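Heads up: the structure comes next, in structure tokens.
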Amino acid sequence: MRIVFPDSSVKEYEAGTTGLQIAGDISPGLARNALIIRFNGELMDLTRPLCDDGKIEILTFRDEEGKKALRHSCSHLMASAVQKLYPGTRLGIGPSIEGGYYYDFDIPDFPGISAFEDITAEMKRQVKEDISFIRKEMSFEDAVALFEDSGEKYKLELLEELRDAGESISVYSNGEFMDLCRGPHVPSTGCMKHFELLSTAGAYWRGDEKNEMLTRIYGTVFDSSKNLKEHILLLEEARKRDHRKLGPELGLFKIGGDGGPGLVYWLPAGTIVREELENHWKKAHVKEGYQLVSTPHIAPVELWKTSEHYYYYKDNMYFLDIDKGEYALKPMNCPGHIIIYKNSKRSYRELPMRLAELGMVYRYEKSGVLHGLMRVRGFTVDDGHIFCTEDQIVEEIQKVVRFALYFLKIFDFGYRIELSLMDPSDPDHYAGNPEEWKKVEPALKNALDEMGEDYRTVQGEAAFYGPKIDIKMKDALGRFWQGPTIQFDFNIPQRFDLTYVGNDGQEHRVFMVHRALYGSVERFIGNLIEHYAGNLPGWLAPHQVVILPITESQLERAEEVENIFTDLDIRCTLDGKNETVGYRIREAETGKVPFMLIIGEREAASGRVSLRIHGEGDKGSMELDEAIEIVMAGCRRPELP
RNA sequence: GCCCACGUAGCUCAGUCGGUAGAGCGCGUCCUUGGUAAGGACGAGGUCAGCGGUUCAAUCCCGCUCGUGGGCUCCA
């Protein structure tokens, strides 16, 4: 048979040759690293005999599919160990995921995380034994009989679905362990020397909270101990940067406890960070042609009925009775901005009208989903609503995307743009006039294309009320977070009958865009803390400069210097505590204060200062003006767009 | 909300096989006047998350509630 390689070279092999043999024919190194193959576009086991001509790709851990196969195989290895150690364990599913894999089990009397030691030991034993993964295809009936015998009720449920979908059934075994599985798998358990069990959690069968809760065990596996170690270090680094740890440590905020779960209390230092972010945001928005507005935290329930939030968002809203009427705490700012838009009859001359507000919203979130600043019950949306004509759409979208990227650049975030469009097979699911969708979706696409930005189009991910552009931001550890979001809304203009008078003297339906750049100020600060590992850029640092007189005799000079910096709008504190300089430096370092000015006898006499920079160390003695210049540069607020 | 784990001083954590508790840091006072990541002494701080139950006796055992964490689901 003729085998074509990715570089288009061709080689003849006897029918029945396996991918592994072909890999070995190329180089022993490749045979060692090979995990699976892609043959004529189909992923297959290395050990599957090939019979026809075709294109082959030999996949290793470097290939996304190879990585997935290894991780998925490791989930089988882990399942095998669990089932051996805990007889009666029934299997759920065990896929590979970003960064590793998991397997869901129904384990009778599972001891929890303490079982990891035993499971790991058993897995290691099986790795050493180098047990082959064996694929077997069978009829639906045979498979049912097999899993009925072993009482695998979840697998039987999956089987039913496979049959309904008309898929062929395959089963993989490694030693005594056997699992319903499409594959492919790596050749043997010996490929998984570098694995680690990570954590355990409850998970509903099939993700449905009406189903029983299974025990999920997370693990990961790599191709080398070096890569595994790196990954574990990354996880540790992420733990160290956890904003829930750093935030309270740095005196930024306090969440929950007596203050109520999911509610954030900003301490003085954290309030400074917030105010800086918000002030910059306001200045930038004014410059970009937004008008700042402010709306109440509560509004009559009728308003939420008109906006329909009352009907589809009720479970997340808080209600209160006032006089004879029912009110709701606002879960979103839009209706408030609508009231402002409708305050007078609008002319096309006023468009685009861009309203913006740092609006605090309240949403009921289930207790289990609350998570530090990332998921709270009261938060500040940096909301903006753009009302415009059809002709203005492309330009407005580009303006917002550029504005969003400007904000990400300030903080050195990477990004990825996603364009979410409607599911064309289900047009009834969406609000608004289908004609409008047909106009706006290509407009969004054009806007992005014209800008030359890379983006991914996701069909069917649009909100029911409109298509959207989501920007995911990538932090210093390479993790992606929900970033700016720009959403079209066909629903609200219709529900509230939002119009403008065109130059033809006729009323027209206005187009409306929601957008948030920080998303939630709270969550964004959480992201910043983790992104910078708590070392916020100078302009955001709650304490920018600490002045440290070495002895009491330099107090007077220290106060002079403090006043100079304070007059320059630098947040400066004098630490004249009765402690050694070493102690006070340590305190400033752990407090992540960017600049320290040490003033001893020599400096006081000469009018100089000794500068120390956080994380860098002693910069030596210098003229005060020189130090001022360095500090000012380090604390400069970002340029406006 | 659900499954699992956890809750001891402001923080990080010991401890009590049931007899009402301890360290370090931090805080206060004093001594020390110091040169680039912890000077010393003394002291104050706890209804051992809350409420019930078992017991002669509960911080410890049991139950419930609240809170926190890991996930599921959801989401800015």
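Chain letters run A, B, ... following the sequence lines, proteins first, then strands; residues in each count from 1. Note that this is a predicted model, so its numbers are computed, not measured.
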Using a cutoff of under 3.5 Å, can you pull out all pairs of nitrogen or oxygen atoms linking the protein to nucleotides 7-9 of chain B, with atom names and distances?
none

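Across all strands, A:R216 comes closer than 4.0 Å only to sugar-phosphate atoms, never to a base (heavy-atom distances). Counting any heavy atom pair closer than 4.0 Å across all strands shown, A:F524 reaches no nucleic acid atom. At a threshold of 4.0 angstrom between heavy atoms, the contacts of A:E249 with the nucleic acid are absent. Contact annotation for A:V521: no contact, since no heavy-atom pair falls under 4.0 Å across all strands. Across all strands, A:E552 comes closer than 4.0 Å to base atoms (heavy-atom distances). A:G256 comes within 4.0 angstrom of sugar-phosphate atoms only, judged by non-hydrogen atoms across all strands, and of no base. Residue A:Q554 is classed as having no contact, given no heavy-atom separation below 4.0 Å to the nucleic acid. Here A:E522 lies out of heavy-atom contact (under 4.0 Å) with every strand.
A donor-acceptor distance shorter than 3.5 angstrom exists from the side chain of A:R515 to the backbone of A:D382, with no hydrogens or angles considered. The closest donor-acceptor contact from the side chain of A:H429 to the backbone of A:F464 lies at 3.5 Å or more, if one exists at all.
Between A:F195 and A:Y101, a ring centre-to-centre spacing not shorter than 6.0 Å is recorded. Ring centroids of A:F490 and A:Y430 are separated by 6.0 Å or more, keeping the two rings apart. A distance of 6.0 Å or more separates the ring centres of A:Y415 and A:F413. Within the 6.0 Å centre-distance limit, the rings of A:F407 and A:F403 are counted as a close aromatic pair. Between A:F488 and A:Y465, a ring centre-to-centre spacing not shorter than 6.0 Å is recorded.
Counting to the nearest Å, the C1' atom of B:rG70 and the CG atom of A:D242 are 12 Å from each other. For the pair A:R377 CZ and B:rG1 C1', the interatomic distance rounds to 10 Å; values are reported in whole Å.
Note on A:Y218: every side-chain N or O is 4.0 Å or more away from OP1 and OP2 of B:rC4. Phosphate contact (OP1/OP2 of B:rG1, side-chain N/O of A:Y364, threshold under 4.0 Å): present.
Salt-bridge annotation for A:K592 and A:E589: absent, with no side-chain N of the basic residue lying under 4.0 Å from a carboxylate O of the acidic one.
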Could you walk me through whether A:F253 and A:Y265 satisfy the ring pair (Phe, Tyr, Trp, His ring centres under 6.0 Å) test, starting with their C-alpha distance in whole Å, then the side-chain angles of each, then the deciding distance to 0.1 Å, before giving a yes or no? CA-CA 6 Å; A:F253 57 82; A:Y265 292 75; over 10 Å; no

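Remark: A:E579, A:T580, A:V581, A:G582, A:Y583, A:I585, A:R586, A:E589, A:T590 in residues 579-595 of chain A come within less than 4.0 Å of RNA chain B through at least one heavy atom.
Below the 3.5 angstrom threshold, one finds no donor paired with an acceptor across the side chain of A:R206 and the base of B:rC72. The base of B:rG1 lies close enough to the side chain of A:Y204 for a donor and an acceptor atom to sit less than 3.5 Å apart.
Stretches of at least 3 consecutive Watson-Crick or G-U wobble pairs, with each checked distance under 3.5 Å, appear in RNA chain B as B:1-7 with B:66-72, B:10-13 with B:22-25, B:27-31 with B:39-43, B:49-53 with B:61-65.
Between A:E152 and A:L91 the shortest heavy-atom distance is OE1-N, 2.7 Å.
Across B:rG34, B:rA76, B:rC72, the shortest atom-to-atom separation from the side chain of A:V376 is found for B:rA76.
Closest-nucleotide positions on RNA chain B for A:I550 and A:L373 were compared, and the one nearer the 5' end corresponds to A:I550. Comparing A:S621 and A:T485 by the nucleotide of RNA chain B whose heavy atom lies nearest to each, the residue mapping closer to the 5' end is A:S621.
Side-chain contact between A:M374 and A:N527 is present, with heavy atoms from C-beta onward closer than 4.5 Å. The closest side-chain heavy-atom distance from A:L421 to A:V458 is not below 4.5 Å.
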